[in-house]
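These notes concern the structure reproduced below.
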Protein chains: 2
Amino acid sequence: MNDKRQELIDAALALFYEKGVKSVGINEILARSGVAKKTLYHHFASKDALILGALGQRHEQFIGWLARVLSGSQSVDEVIDRLFTGLDHWFNGTVEELGDFRGCFFINTAAQYTELNSEIASYCAKHKALVAQTIRRSIAEENEQAWADTIMLLKEGAITSAYVGQQVGAAKQAQQILAALRAQAKSPTLSVHNRTSR
Amino acid sequence: MNDKRQELIDAALALFYEKGVKSVGINEILARSGVAKKTLYHHFASKDALILGALGQRHEQFIGWLARVLSGSQSVDEVIDRLFTGLDHWFNGTVEELGDFRGCFFINTAAQYTELNSEIASYCAKHKALVAQTIRRSIAEENEQAWADTIMLLKEGAITSAYVGQQVGAAKQAQQILAALRAQAKSPTLSVHNRTSR
DNA sequence: CTTAACATAGACAAGTCGGTCTACCTTTGT
DNA sequence: ACAAAGGTAGACCGACTTGTCTATGTTAAG
């Protein structure tokens, strides 16, 4: 049976995201899930393994949400519009799928596992790379895919500004910045910033 | 004497920034500083108070570095150039003043103190606001100060991308984006993005 | 010289941590 | 019917946590 394993991951992710991985003990996860300690250590070798499981679960959740938000986009402009509108909803807590907004789970977790080569820090970096890939693939125009990196940078800035800086309007701000960049890129007379590099 | 207090803060900040506030115990700070436990609790009411002290110290450090980097700037373009060149050096570990790059201490600490109204989370938000203010004041042109928010957003994105996403070139990427935005803002024919709003 | 402030080392309290283990129960396939 | 796999409850371990306290030493001002 994998359902005990799943219950553990669900409880762990909820608590980890709410309070931070270092602030949540094994026993709290057991109490919340109603699973016995022995069962936990039957499915996971250690707390770190459980954290990786929770990261994996959140990764699926987030990429799933992202893909749904971006699906059917016909242009870079549409990708930007959908993504940052979605982020705005997330920041304001109206995306049940992602839970109450408490910043990016991967950023928060990486901040607490500082050994750079740790499996956990690597997973967080990999997640970010896969998010970038998802954005890239949702851009129909092949010659515009370099926009994915710009979008990512603004997205990271918006998440951090919204959470740590408590700027709830950060997604809209980022969206305006991207709108300006797009307007410029489309202008034939002003091609200072050529978007084919990188 | 305040030098014991200072030694404690120095040791605490170094360890907290390197490993994260939750991963460092009081005893480790005492061992590193060579100060007695009783002395610590003479100067600080609790570990949280010591964390606030370390945040305060880092705030002074960072604002000091920032002001120095930005000092003498004559224009928004110059502010952007100096700031992101400085960030690039920081990310690549060539700013001894700020220590080995391990992301933003305030972002990392906020990620571990998730009660939104906690003194620690509030301090982190306040720090970000004061950084924004420092940037705003370094912009000579009064009608251009709204650029500070844009610069902040890109700066936060660059820090997070560099640390969590392990993209060492994030500062340069942000700088290119800002260069494009500036080029557009200066173009008389293309004023889609009016920079007086907030 | 005395007194007060500040320092030291480190035992100790009281609790939490991750993780192991015993003992028992339930489900499932052969 | 029986065995194996997976479950439960929770005692227990050793290490570590923040914070208090005793007992002693040093420094400086009046």
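Lettering follows sequence order; numbering is per chain, from 1.
Rounded to whole Å, atom C1' of C:dT8 lies 9 Å from atom NZ of B:Lys4. If you take NZ of A:Lys38 and P of C:dC25, they are 16 Å apart, rounded to a whole angstrom. Taking atom CD1 of residue A:Ile29 and atom C1' of nucleotide C:dG18, one finds them 11 Å apart after rounding to whole Å. The distance from atom CG of B:Leu30 to atom C1' of C:dA7 is 13 Å, rounded to the nearest whole Å. Protein atom CG of B:Asp3 is 14 Å distant from nucleotide atom C1' of D:dT26, rounded to whole Å. When the P atom of D:dG10 is taken as reference, atom CG of A:Leu40 falls 17 Å away, rounded to whole Å.
More than 12 heavy atoms of other residues, nucleotides or ligands lie within 6.0 Å of CZ in B:Arg68, so this atom counts as buried by the packing criterion. Counting non-hydrogen atoms of other residues, nucleotides and ligands closer than 6.0 Å to NZ of A:Lys126 gives a total of 12 or fewer. The local environment of CD in A:Gln133 is crowded, with over 12 non-hydrogen atoms from other residues, nucleotides or ligands closer than 6.0 Å.
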Validation: residues 58-66 of chain B side-chain donor-acceptor distances under 3.5 Å, sequence neighbours left out:
| residue | atom | partner | partner atom | Å |
| --- | --- | --- | --- | --- |
| B:Arg58 | NH1 | B:Gln61 | OE1 | 2.9 |
| B:Arg58 | NH1 | B:Leu98 | O | 3.1 |
| B:Arg58 | NH2 | B:Leu98 | O | 3.3 |
| B:His59 | ND1 | B:His127 | ND1 | 2.8 |

Please tabulate, for side-chain N and O atoms in residues 158-166 of chain A, each donor-acceptor pair with protein atoms closer than 3.5 Å (sequence neighbours left out).
| residue | atom | partner | partner atom | Å |
| --- | --- | --- | --- | --- |
| A:Thr160 | OG1 | A:Glu156 | O | 3.1 |
| A:Thr160 | OG1 | B:Thr160 | OG1 | 3.2 |
| A:Ser161 | OG | A:Gly157 | O | 2.9 |

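Comparing D:dT22, C:dA7, D:dT8 by their nearest atom to the side chain of B:His42 picks out C:dA7.
In this structure, B:Gln175 and B:Thr85 approach most closely via the heavy-atom pair NE2-OG1, 3.8 Å.
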Can you pull every protein N or O that's under 3.5 Å from an N or O on nucleotides 17-19 of chain D?
| residue | atom | partner | partner atom | Å |
| --- | --- | --- | --- | --- |
| D:dT18 | OP1 | B:Lys47 | NZ | 3.1 |
| D:dT18 | OP2 | B:Ile26 | N | 2.8 |
| D:dG19 | OP2 | B:Tyr41 | OH | 3.0 |
| D:dG19 | OP2 | B:Lys47 | N | 2.7 |
| D:dG19 | N7 | B:Lys37 | NZ | 3.2 |
| D:dG19 | O6 | B:Lys37 | NZ | 2.6 |

